[in-house]
Amino acid sequence: MGKRDVQIIFLLYFFLLGVFLIIMERRGSAVNTPASRPVTRRSKSYGRSCVEAPSYFWQTPGHLAVLKIPNSRGTAKSQTITNKVDPEHIALLVKNEWKLSYITPLHHFRHTRLKSYSKHLSAFIVAEKQQGVAVEVGLEAGFKVTFSAVLGLAENDEDAETVFIQIQSKPVFAAVADAPKVVWRGWLTCVNGDLEYLRSLPPDFVSLPLFCTSGPESLTTLVKSWFERAFDCNFGCLALNSTTLNWLTALWTGCHPTCNIRHLKLAWSLPTQPPLDVSYTVNPQDAWELWNSIHPEESTDDRIDIQEVQSFINGLEAHFFRHFKIFLSAGTLVKVSTALGSAHVDGKIKIGNSDYITTLLTLLTECALLKMPA
Amino acid sequence: DTVEAGTVVRGNDELERNMVRVETVALSKGLPPEVITVLLDLALSLNAGTANCTRVLKFLIPATVVPQEAIVKGVSWLCVGKMPMNAQVLFVRWVLTVFDLIDCKDDLRSIYGFIFSFVTEENLCPFICHLLYLLTMREHVHPYRVRKLLDIQAKMGRQPFLTQLLALYKVFRPDLVTLSLPSRVRTGFKNHNSTWKVALSAVQRKNKGAVLVDQSLSLDVKEKPSSRKRKLHHLAIPPLTSAFDSNSSKKVLRLQELRSFKELLENIHNIELPAQMGSLLGSALALHYLDCVQDESAFLRLNFWLGHSLQEETCGSLFHKPQDVYQSFFLPWFVFVHCSQEGFSSTESFLYKFLSVWDGCLLRPQILDLLSDIPLMPSFSVESRICFFFLCSVIECLNSMLVKWLTWHSVSASEGGLDISLNIMELVRFVGLLASEGLRLESCHVLLLNQTLAFYETVCDMFLKFSLPLIIMPPAGVFYPALFATDSVSVDRLGYIMYRYRKNLTLAKKQEQQREQTFHISRNTYKEFNRNLQAMVNSMWNSWWCVPGSEIEIDKDLIALSKVAEPWCRFDLIHHPALFSYAIEFHQRVSEIFSH
């Protein structure tokens, strides 16, 4: 039977008055958006001095870092990132669709040893593909792995530099002139990570919580197991919840004056039998005017509040309801896409424009850090 | 000893006779070290002829030890290259058989390179690999040796002996060679000792004090099922691997090299932590070592791994795991947490989540042990749908937890430790509520009452025994079921508890009056105690249990409905149902006396 795909593509021709009316209604009524509860995560350091006998009750001598879900964040700022980062690297990041995972902090990872890591990983992949046959580390056969540091993406002092990994396959019978084909790409990054949390980690840990991959799943699994064995870290899937997608919607819409977002496409999934998929495309100018009425551009306040974001989404949903009598809030927002990029609730992103890459990565780094085990 | 130790004549007959004599001695008692040296030299130099070489090797059974010079000389004869192939093979096999009897292996290790050079001989290769496997130390693993072995592997294919040796090389130098060993790949060495096995064990049995030769290969080089299969769940303990990045110049041992607890103790300061801390939960030996680890980063790594594995598993799915997951994951983890003094935040957060869905049966002893170990636990609510025996066990374990807390308090109170009296109060109140509810639901079941009264026996003496100035009375839901219980043990225990309360309160009052201390027992506590005492005395002594205005006042008409005669004295000493058996016994004794 499958899903019934009803594509309702509706281009919103905006009547200023109509929308203002909706907004006025909203402002008039008591809008009680429940503020997000700060979620405490504690990072403890475990120490026992040899001098005193171990106390029966474990005391926490170390630091306590609290990770809160922020209620407000700065507006998306355009940044000609190519000033800071090598354009070739940027080109690689912008091309593909990336699958997201989070990583716990890496132990004894050194940016100075990237070459040796490349050799190890390639030997590991070859050994795993041929079970039971030992492989010399350093010998170039089958797969060529390159680890490189992408400098410049890190924003604050505690961020570690981004590491980019590329796997090329060199088939055994290829002619010498054949260029090796890139079969897999991945990168680990930390952009604007929570300063307190990063400082609370002991010095031999490096935190690069966001891991983006593109390529066959088998290679991704191999790379992950190599990392787990080499640096005693752990991987998990990073799914994006609807709050994150809402933030992205608002942030990207707010960029429209400086950079044409070309469209605002939202995909919803409604829990009917069979499930109903709704694809809702909004004219960028109209979306921007709606956003502007909630958070005026001229306001000196550089920060966006979660309540403003919620109002924006409610506005879009209310408009949809007026025309189709369907409450979109009964379903879940599944995908957001603009010319600046797209994000899917399963943890897949695409970066469209390198100018706003920092904002996107900051948001994603935050999501990854929130998944760190206590 | 009729064994000759001197020169052997080349003449055939005499040689033959001597040979026979030596052979008989060898097979009966074994040969002393000097003789072994001489004979080995004789055989391998081919001075006695090629046929005798193999013959001598076949009866060369040592009695005690084998001197390493003999072996070294033997290897040098091997290098000369004049021996026929079957003799060479036999010699190497003999070395393997008596390997554990060689007194010291240092010289052998120093000629590692010479031994290694024989690896290219196809016939010798399996046995040489085995010998190298037994001799290899970290300093022997060099890139050119790795390359040589890989070349041989390319020629000979995936031979199990090569794989085993390369796996050992990987343990020592994972930065030089890497290898993936799923369980279906064969590893191991050929049987080498068939020629001597019977004779050797016979001789060893005779000389009882001798070193026993270990016939087995113990190193577990194989890993768990490979990562090719999709991970069905996240609760898997990673395999023990060495960190490849270690560049320590000092000699360190890895956990995979240890064979026994004794070796662990000898080398305790010299052991390198594995690449993945979680793998330490995989073996008992490693668990012992984990207790001695002082490194902060190591614990953080372990906590990350534990927290992550548990986080990825939703609590509900824990009830549908195959049995081996509990054995392989939960039990080692719980054992470790229970035995170590170190707490982990991941354990606590897991427990809180788990208890909300727990059915009371899964891994019950381990969970209850964990519960009593958690320090300074905030209040948590246990679902009331838990079953009866579980409730008894919970109260029992909360009792032991209370005792531990009180003991800790009494020991560390003088040192100015943390003040846990608020937590204790909360715990006691919580147990009071739990017990009242449980007794109500289970119609005052005697087992539950028993556990509850045991708990209050601890509570009543908090001041006198543990110097904690807290006196908390049992709630009505516990007091009255005990007072009106139908078994004598409960009534007796209640009496004892009230007696202890009185003692504690009297001492507290005295100290307060003498202004000896700084605490203050509230008047309400005294009032509560007095009320309870009055109820007890009224019902048991004054035959008047239904006092108007008391907590258990019942309407007179309701009591009349029960049609019991003289209901107000039904709970006094004479008529109490719990003490009924004593009454009967009393009558029986009295009638016996009077009948005589």
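Numbers restart at 1 for each chain; the letters A, B, ... are given by sequence-line order, proteins then strands.
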Give a yes or no on whether the ring-centroid distance for A:Phe143 and A:Trp184 is below 6.0 angstrom. no
Determine the option with the most heavy-atom pairs under 4.5 angstrom with chain A, choosing from B:Val177, B:Leu162, B:Leu149. B:Val177
Between B:Leu150, B:Leu166, B:Val146, who has the most heavy-atom pairs with chain A when the cutoff is under 4.5 Å? B:Leu150
With sequence neighbours left out, what residues match A:Thr162 under side-chain hydrogen bond (donor to acceptor under 3.5 Å, both in side chains)? A:Thr189
Applying side-chain hydrogen bond (donor to acceptor under 3.5 Å, both in side chains), can you list everything that pairs with A:Asn241, at least two apart in sequence or on another chain? A:Thr244
With chain B as the partner, which of A:Asp204, A:Thr104, A:Asn234 has the greatest number of non-hydrogen pairs under 4.5 Å? A:Asn234
Where on A:Phe109 is there a heavy atom nearer than 4.5 Å to chain B: the side chain, the backbone, both, or neither? neither
Is the positively charged end of A:Arg185 above the ring of A:Phe164, judged by distance under 6.0 angstrom from the centroid and angle within 45° of the axis? no
Side chain from CB out, backbone as N, CA, C, O: work out which of these in B:Leu176 comes under 4.5 Å of a heavy atom of chain A, or both, or neither. backbone
Counting only heavy atoms closer than 4.5 Å, note whether B:Gln276 contacts chain A via side chain, backbone, both or neither. both
Less than 4.5 Å apart, side chain to side chain, heavy atoms only: is that true for A:Glu161 and A:Val150? no
